[in-house]
Undergrad: 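Before I ask anything, let me first share the structure, which is written out below as structure tokens.
Residue numbers start from 1 in every chain, and the chains themselves are labelled A, B, ... in the order their sequence lines are given, proteins ahead of strands.
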Amino acid sequence: MLDHEYTTKEIFRNNFFVDWRKEMTLEEKMVITDLDKCDFTEMFTYYKGKMEEKKNKSKEDKLKIKEENEKLLEEYGYCAMDHHREKIGNFKIEPPALFRGRGDHPKQGMLKKRILPEDIIINCSKDSKIPEPPPGHKWKEVRHDNTVTWLASWTENVQGSVKYIMLNANSKLKGEKDWEKYEIARKLKHHAEKIRKTYRENFKSKEMKVRQRAVALYFIDKLALRAGNEKEEGESADTVGCCSLRVEHIKLYPELDGEKHVVEFDFLGKDSIRYYNKVPVEKQVFKNLQLFMENKEEGDDLFDRLNTPLLNKHLQSLMEGLTAKVFRTYNASITLQQQLQELTDPEESIPAKILSYNRANRAVAILCNHQRAPPKTFDQSMANLKSKIDAKKEQILLAKKELKEAKKEAKEKDSEKLNKVVESKKRAVQRTEEQLMRMEVQATDREENKQIALSTSKLNYLDPRISVAWCKKWTVGLEKIYNKTYRDKFAWAIDMTETDFIF
DNA sequence: AGACGGACTTGAACACATGCTC
DNA sequence: GAGCATGTGTTCAAGTCCGTCT
């Protein structure tokens, strides 16, 4: 890890050293007292060399390794469930490592210990062939619980949380759950207007608790914020969601850039990804926020009378199965559907249609604040594409000139052969222009996508039936939208969806 | 009511494979 | 056919939400 930025951080180094000392013998403890005086370069070079060696292996050796991996997958990567062979999502145990939290994580650098068979709970049917532990070992426990979906579990030592071995997303079990999730979101569609009306009424409630709940729900609905559970301080990075917003995370502007009642959000959300947004809100919301912030100081909860169990309990009463996260799914899917409707031009070419799809997808990703680090090679690859586009333009000019000359010649001496030449030159111009258009579309798409990750929403928030129906309607190949993984995961939707599907 | 453990989904980063260009 | 950019698959951390216990 030495060439990673992590290892320069004070917390990381301290945590590592504390945990390392726990592993030392008495003599080692006497000698090794200061991490800054430890020189790991020899080990570092050794492993660097190993990696290099691996990279430089011959084709045959690489093929052999690949085959061995496939054999491993074949033997351990599947299980039998209800007489079906199902792929396991993660069949390999997590190896020991130094814990890498995200953001400003208080536990970064701690030693994540090796998991032994003695740590593992196996969950399988009573009458099934129970997996053998490695020789000389035994499992922590073998149980037969058919109310849960995991096959094996262990407790991880850094956070003390349980980790699981579970089925792949393409399994029947996961597919059914996925379908249920979208069905609940679709159900919300029929309740949304009434729920909105209710929370607007509640803006004026005389009970502070109810007002806070209403404003929080307004944010969750309008901005697709996460619920925001409470977190234990010092156990992980300081991040928040809607219910856990603190007064320092918002600023109120009675007027800003010609708009009234603007709220500026600035906080770290899940994975310490920054959420920054300036939104005009309804007057009642604005007034309430002013009220909630009265007599509070930095560090105080904005919604001090509210938490996620309270909010979810309320939502349950409005619609069965409704929780805060359903709004994210609902708003993401409905936004995709609306955007597709708006952006798809029946006349445009297939590549242009795909650009429209990506733009609709992008609108959702922006709503959900799904970001990514710009690819390291972004500037370079963009410049490459630009120069290719320029070259293509040159090519078109040239092709046009040739066409003109051919036409002229054909006019002068009207021969069969020359007419054919004109035709082929015409086609060449057309072809090159199409190529240029495709490149320009690609450039636009890539530029707009620089810091936005589409995959998360595609995989977790967008009802696949919307996309399948759209592809069918416009005869766009599904593989242009969904790669193999997605098609696999959404097999349930691909099977059942007709062109007229409406979310 | 609140703490807590447990199960499951969501998320960005990273590693690896593939396919394209020169 | 090598070298590299891009797309795909893997990893594992970090959320949500539920049920149980006190």
Undergrad: Using the side chain to side chain donor-acceptor pair (under 3.5 Å) criterion, which residues pair with T41(A)? Sequence neighbours excluded.
TA: D39(A)
Undergrad: Between K163(A) and E94(A), does any side-chain N to carboxylate O distance fall below 4.0 Å?
TA: yes
Undergrad: Tell me if the aromatic rings of Y276(A) and F265(A) count as close, with their centers under 6.0 Å from one another.
TA: no
Undergrad: Run the numbers on Y275(A) and H249(A) for ring-ring contact (aromatic ring centres under 6.0 Å, His included), then give the verdict.
TA: CA-CA 10 Å; Y275(A) 182 93; H249(A) 296 133; over 10 Å; no
Undergrad: Should N229(A) be listed as having a side-chain N or O under 4.0 Å from OP1 or OP2 of dG15(C)?
TA: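 Negative; the distance criterion is not met.
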Undergrad: Between P on dT6(C) and CZ on R372(A), what's the gap in Å once rounded to a whole number?
TA: 10 Å
Undergrad: Please name all residues satisfying salt bridge (charged side-chain N to carboxylate O under 4.0 Å, His left out) with K480(A), sequence neighbours left out, ordered by chain then number.
TA: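 Partners of K480(A) by the salt bridge (charged side-chain N to carboxylate O under 4.0 Å, His left out) criterion come out as none, since no residue qualifies.
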Undergrad: List in chain and number order the residues that pass salt bridge (charged side-chain N to carboxylate O under 4.0 Å, His left out) with D3(A), two or more places apart in sequence or in another chain; answer none if no residue qualifies.
TA: K48(A)
Undergrad: Could you walk me through whether F12(A) and H105(A) satisfy the ring-ring contact (aromatic ring centres under 6.0 Å, His included) test, starting with their C-alpha distance in whole Å, then the side-chain angles of each, then the deciding distance to 0.1 Å, before giving a yes or no?
TA: CA-CA 9 Å; F12(A) 189 98; H105(A) 203 297; over 10 Å; no
Undergrad: Looking at DNA chain B, which of residues 176-189 of chain A put a heavy atom within less than 4.0 Å of it?
TA: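 K177(A), K181(A), in order of number.
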Undergrad: Rounded to whole Å, how long is the line connecting atom CZ of R102(A) with atom P of dC12(C)?
TA: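 Rounded to whole Å, this separation is 11 Å.
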Undergrad: Considering residues, nucleotides and ligands other than N69(A), do more than 12 of their heavy atoms fall under 6.0 Å from its CG?
TA: yes
Undergrad: Just checking F91(A) against Y78(A), ring centres under 6.0 Å apart?
TA: no
Undergrad: Can a side chain N or O of K231(A) be found less than 4.0 Å away from OP1 or OP2 on dG15(C)?
TA: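 Yes, such a contact exists.
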Undergrad: Is it the case that over 12 heavy atoms from other parts of the model lie below 6.0 angstrom from the CD atom of E320(A)?
TA: no
Undergrad: First and last nucleotide of DNA chain B in contact with chain A, 5' to 3', at under 4.0 Å to a heavy atom: what are they?
TA: dG6(B) to dT18(B)
Undergrad: Return the value, rounded to whole Å, for the distance between atom CD of E230(A) and atom P of dT16(C).
TA: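 Between P of dT16(C) and CD of E230(A): 11 Å.
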Undergrad: For nucleotides 18-22 of chain C, list the nitrogen or oxygen atoms of the protein found under 3.5 Å from its nitrogen or oxygen atoms, one pair per line.
TA:
unit_1: dC18(C); atom_1: OP1; unit_2: Q316(A); atom_2: NE2; d: 3.4

Undergrad: Heavy atoms from C-beta onward define the side chain here; which of dA14(C), dA13(C), dT16(C) lies closest to that of K325(A)?
TA: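 Within the option list, the nearest is dT16(C).
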Undergrad: Check the angle between the aromatic planes of Y164(A) and W150(A) and answer parallel, tilted or perpendicular using the 30° and 60° thresholds.
TA: tilted
